[in-house]
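For reference, the structure is listed below as structure tokens.
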Amino acid sequence: VQMPNRPQNVFDPDTLYDEVDMLSMCLQNCLEIQKELQRNIIGSTAELDSAAEDNSDLQRDMLGINLNGTKIENIVLGSPAFMSNLGVGDEIIAVDGEPANEGNVAYLLSIKGNGRMPVNVTALSGGQGEPKTTTLIKVALEQMQDRHYVLQTFMDLKTCVSQLFPSTCVNFDPFSLKKEVLLSDVVEEAHQLCLKMCAADADRNHRVADNLLRMQQFCAGLIDVLRDAIQRIPNDDSIEECKHIC
């Protein structure tokens, strides 16, 4: 499964960033999330369904599972498999009740569950123990790529905010946590909400629109905090590009 080749500020835990770099990366990631949310990519399954009917060249729907034989080698961030109880190292033994082996498992996963029909995947956790059966609904590759991008950007944003604002309280709280809330807690709540929205999309959860509005409020509030922090840094050549983003 190929993930989108988009320019983004990927946080490298082995790199020592200064405050300006961190603020710039944090702001850019939040702006990227806001842009993606304006496209309503998380709740766009119905739109993609309509497009697929008109364009037979669109790539097929996906579960987001990469295999090594019958074992799950990787699960794509934001995919239907990611939102399930399947895990890396699980061994798939059946698909819709049909026994799976190294010779047919990839084929079974590709032909089952198309047309947004549920597909039942039976696996052994870590290749052992009692079998578990998980019902998945495939999504279009484009939508899975969009989800992957947003969730990865969120992970980078959480890392930056936790280091930049470890004890900063804010007065914007679209999630009604409490009167005074840590900025890092708001970011974590937004990330969890993003995951819930992805999970809810399979059954067209009616709360998607309300959740989307709160996510947009979160982005707007955090952008204001970041811009204010950048503007309060003394002027020198190293922050000109950072302030240009503002």
Side-chain angles (χ1 to χ4, degrees), residues 1-5 10-14 41-43 45 48 59-159 162 184 187-205 207-208 211:
V1 179
Q2 296 296 318
M3 288 300 99
N5 182 21
V10 178
F11 184 83
D12 181 0
D14 296 325
I41 58 94
I42 297 175
T45 303
L48 290 170
Q59 300 206 46
R60 67 180 185 275
D61 297 344
M62 308 291 287
L63 292 174
I65 297 174
N66 293 324
L67 295 170
N68 181 4
T70 57
K71 286 191 175 181
I72 298 177
E73 188 172 55
N74 181 53
I75 293 178
V76 177
L77 183 68
S79 67
F82 176 78
M83 307 308 301
S84 74
N85 64 352
L86 292 174
V88 172
D90 288 359
E91 182 178 353
I92 297 178
I93 59 174
V95 180
D96 274 351
E98 188 169 340
N101 53 55
E102 290 189 6
N104 70 357
V105 62
Y107 174 72
L108 290 175
L109 290 174
S110 68
I111 66 169
K112 301 288 187 178
N114 292 324
R116 298 299 194 273
M117 296 298 292
V119 55
N120 295 308
V121 177
T122 303
L124 300 175
S125 295
Q128 56 188 354
E130 292 295 322
K132 59 182 179 182
T133 299
T134 303
T135 301
L136 303 174
I137 297 178
K138 294 180 178 180
V139 299
L141 177 60
E142 177 188 348
Q143 186 182 21
M144 190 164 65
Q145 290 174 332
D146 286 338
R147 290 177 178 178
H148 177 277
Y149 179 64
V150 169
L151 291 173
Q152 181 62 58
T153 305
F154 246 121
M155 292 170 66
D156 292 337
L157 179 63
K158 285 171 58 180
T159 302
S162 65
S184 57
V187 174
E188 174 61 28
E189 190 70 15
H191 180 234
Q192 293 302 316
L193 179 57
C194 189
L195 291 171
K196 291 176 183 177
M197 290 168 68
C198 290
D201 187 50
D203 61 358
R204 310 294 201 277
N205 191 308
R207 293 184 58 85
V208 165
N211 289 339

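Computed from heavy atoms alone, side chains included, the values below leave out hydrogens, waters and symmetry copies.
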Residue pair [X] / [Y], side-chain heavy-atom distance below 4.5 Å:
X    : Y    : answer
Q128 : E91  : no
V119 : I137 : no
L77  : R147 : no
I72  : L67  : yes
I93  : T70  : no

Rounded to the nearest 0.5 Å, what's the gap from [atom1] on [X] to [atom2] on [Y]? Could you check?
X    : Y    : atom1 : atom2 : answer
F82  : L195 : CZ    : CG    : 5.5 Å
F154 : L193 : CZ    : CG    : 8.0 Å
N104 : E98  : CG    : CD    : 6.5 Å

Using only heavy-atom distances, determine whether the side chains of T122 and T133 contain a donor-acceptor pair under 3.5 Å. yes
Least distance between heavy atoms, [X] atom then [Y] atom:
X    : Y    : result
A100 : I92  : CB-O, 4.0 Å
S84  : A81  : OG-O, 2.7 Å
G78  : L151 : CA-CD1, 3.5 Å
L86  : A123 : CD2-CB, 4.0 Å
L63  : M144 : C-SD, 4.3 Å
K132 : N85  : NZ-O, 2.7 Å

Whether the side chain of [X] engages the backbone of [Y] through a donor-acceptor N/O pair (distance < 3.5 Å, no angle test) should be reported.
X    : Y    : value
N66  : E73  : no
N68  : K71  : no
D156 : T153 : no
S79  : I75  : no
K138 : P80  : no

Between M62 and Q143, does a side chain to side chain contact (heavy atoms under 4.5 Å, CB included) hold up when you go through it step by step? CA-CA 10 Å; M62 308 291 287; Q143 186 182 21; over 6 Å; no
